[in-house]
Amino acid sequence: MAFKAMTSKEVTKKVFNKEKLFVLDVRNESDFQDWKIEGKNFQYLNIPYFELLDGVEEILDQIPAGQEVLVVCAKEGSSVMVAEMLSDAGLDVSYLQGGMKVWSEHLEPVKVGELKDGGELYQFVRIGKGCLSYMVLSNGEAALIDATRMTDIYLNFAQSMNAKITHVLDTHLHADHISGGRVIAEKTNATYWLPPKDAAEVTFDYEPLEGGHDVTIGETKILIHSLYSPGHTIGSTSFVVDEHYLLSGDILFIDSIGRPDLAGLAEDWVGDLRESLYKTYRELSEELIVLPAHFMIIDELNEDGSVAEKLGTLFVKNHGLNIEDENVFRKLVTENLPPQPNAYQEIRETNMGKISPDTEKQREMEIGPNRCAVR
Amino acid sequence: MEANKVLDAKGLACPMPIIKTKKAMAELESGQVLEIHATDKGAKNDLAAWAKSGGHELAKHEEESDVLKFWIKKG
């Protein structure tokens with residue numbers, strides 16, 4: 001039988017459509033345990049490729065017949081080898097093109113809505129890592145929010161929409177992924193906005209984005225109203241776009257809330273986090289659509305692959321917004337926190353401009369899932 | 001550490017470093033040591049896990065500029 005390559009885009013489609021897929025992950029056990037391709041109806045088998053060098057006969061009966069099979073490894077090489085062996089044994093299989101390395105970098109643009117004056121808002125779903133970034137388009141201009149380091153994707157997308165990127169914003173200094181904001185701002189001569197309280201140590205010029213500050217794009221003046229909402233970091237700022245979308249950064253997610261321990265002491269910021277979620281957000285319209293900077297689990301995706309929910313719905317359904325007792329809340333966000341993201345200190349220093357690792361190193365630093373939330 | 005054999009797997013991408021290691025290991029006697037030089041960063045975790053599953057001992061590893069060095073004692 002034959003074997004072929006499956007692209008990250010094709011796998012993303014299967015995740016969005018909740019299709020079935022049998023994932024044979026041939027990386028070593030610890031890498032698989034740490035981070036894998038997540039799909040609601042995906043089944044998994046993890047056998048390291050180095051245990052299959054003498055043949056795949058022993059695992060053939062563990063692969064269900066009649067199901068689509070995808071062989072996955074870190075960078076493609078081993079999955080091609082195993083896919084070829086399975087194909088020789090009579091199976092019809094695919095391997096993940098570029099492996100987890102490319103999976104980690106794949107961005108899928110999903111349109112989340114239209115703006116009052118004809119503009120559009122796109123969400124870029126980084127499906128492998130759970131990072132979400134946004135492009136607001138209006139009258140040939142674009143604003144980019146929480147961009148990843150895959151800068152060409154945004155530049156090409158803006159070009160395909162005949163828009164010029166004029167403003168680049170980060171809701172906070174990221175600790176789980178390397179921001180592409182500064183590079184894109186340099187390439188497009190756009191203004192790069194950062195919350196000044198997160199930018200105290202940065203080595204480059206930026207425009208300080210403070211609460212109450214407004215940024216407009218396009219002739220129709222799409223308003224991006226910023227709202228100081230500390231807690232995940234001391235500078236964390238949310239944006240209300242077009243009076244309809246609440247870009248909540250890493251403060252509020254769909255089924256979880258931000259963790260306060262990645263840039264300082266959880267104990268110090270837990271009060272800010274409480275205040276932002278239980279006071280600042282409570283004063284906003286419940287009709288706002290929350291668009292966070294991450295999703296943590298695949299169940300947070302909507303039918304169309306987007307990650308978005310009405311603020312009013314989250315006030316009802318998100319456990320993190322419904323903890324009456326402040327001490328219980330304090331405990332939730334400071335105790336039993338998930339492990340910190342891989343290389344998060346180095347990632348913060350990169351985002352401050354203090355260190356400049358090469359692309360290969362940046363990739364390595366970002367390996368693994370994002371862990372910015374607590375549930 | 002004294003090695004009975006040195007394997008140069010520099011510049012090779014996964015799965016080749018492991019395939020070559022497995023071959024070289026087959027030519028050694030139990031208790032003998034194979035020294036491996038690799039540049040593929042993934043080799044670190046994979047060689048450790050492979051050695052463990054094969055009953056060998058990863059006796060030592062070092063990083064010298066961009067070269068990863070491993071000493072595996074045959075089990």
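Residue numbering restarts at 1 for every chain, and letters A, B, ... go by the order of the sequence lines.
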Quick check on the interface: out of A:Ala74, A:Gly99, A:Gly77, A:Pro48, who has the most heavy-atom pairs with chain B under 4.5 Å?
A:Gly77
Going by the side chain to side chain donor-acceptor pair (under 3.5 Å) test, name the single residue among B:Glu2, B:Glu35, B:Glu62, B:Glu57 that passes it with B:Trp71.
B:Glu35
Between A:Ile355 and A:Glu346, the two heavy atoms sitting closest are CD1-O, 3.5 Å
Kindly state each residue pair satisfying salt bridge (Lys or Arg N to Asp or Glu O under 4.0 Å) with at least one member in residues 34-45 of chain A, sequence neighbours excluded.
A:Asp34-A:Arg371, A:Lys36-A:Glu38, A:Lys40-A:Asp299
Could you please state which residues from residues 23-33 of chain A sit under 4.5 angstrom from chain B, measuring non-hydrogen atom to non-hydrogen atom, sorted by number, or 'none'?
A:Asn28, A:Asp31
Step-by-step salt bridge (charged side-chain N to carboxylate O under 4.0 Å, His left out) determination, B:Lys22 to A:Asp54:
CA-CA 10 Å; B:Lys22 191 173 185 264; A:Asp54 292 328; 2.7 Å; yes
Is A:Glu366 salt-bridged to A:Lys129, going by a charged N under 4.0 Å from an acidic O?
no
Bottom line for A:Phe50: the part with an atom under 4.5 Å from chain B's heavy atoms is both
Specify whether A:His174 and A:His177 have parallel, tilted or perpendicular ring planes, treating 30° as the upper limit for parallel and 60° as the lower limit for perpendicular.
tilted
Per-residue contact mode, A:Glu51 against chain B (heavy atom under 4.5 angstrom):
side chain
Give a yes or no answer on whether the side chain of A:Tyr44 reaches the backbone of A:Ile37 with a donor-acceptor pair at less than 3.5 Å.
yes
Quick test of your reading of the model: are A:Glu105 and A:Arg363 salt-bridged, counting only N-O distances below 4.0 Å?
yes
Please flag which part of B:Ala13 lies under 4.5 Å from any non-hydrogen atom of chain A: side chain, backbone, both or neither.
neither
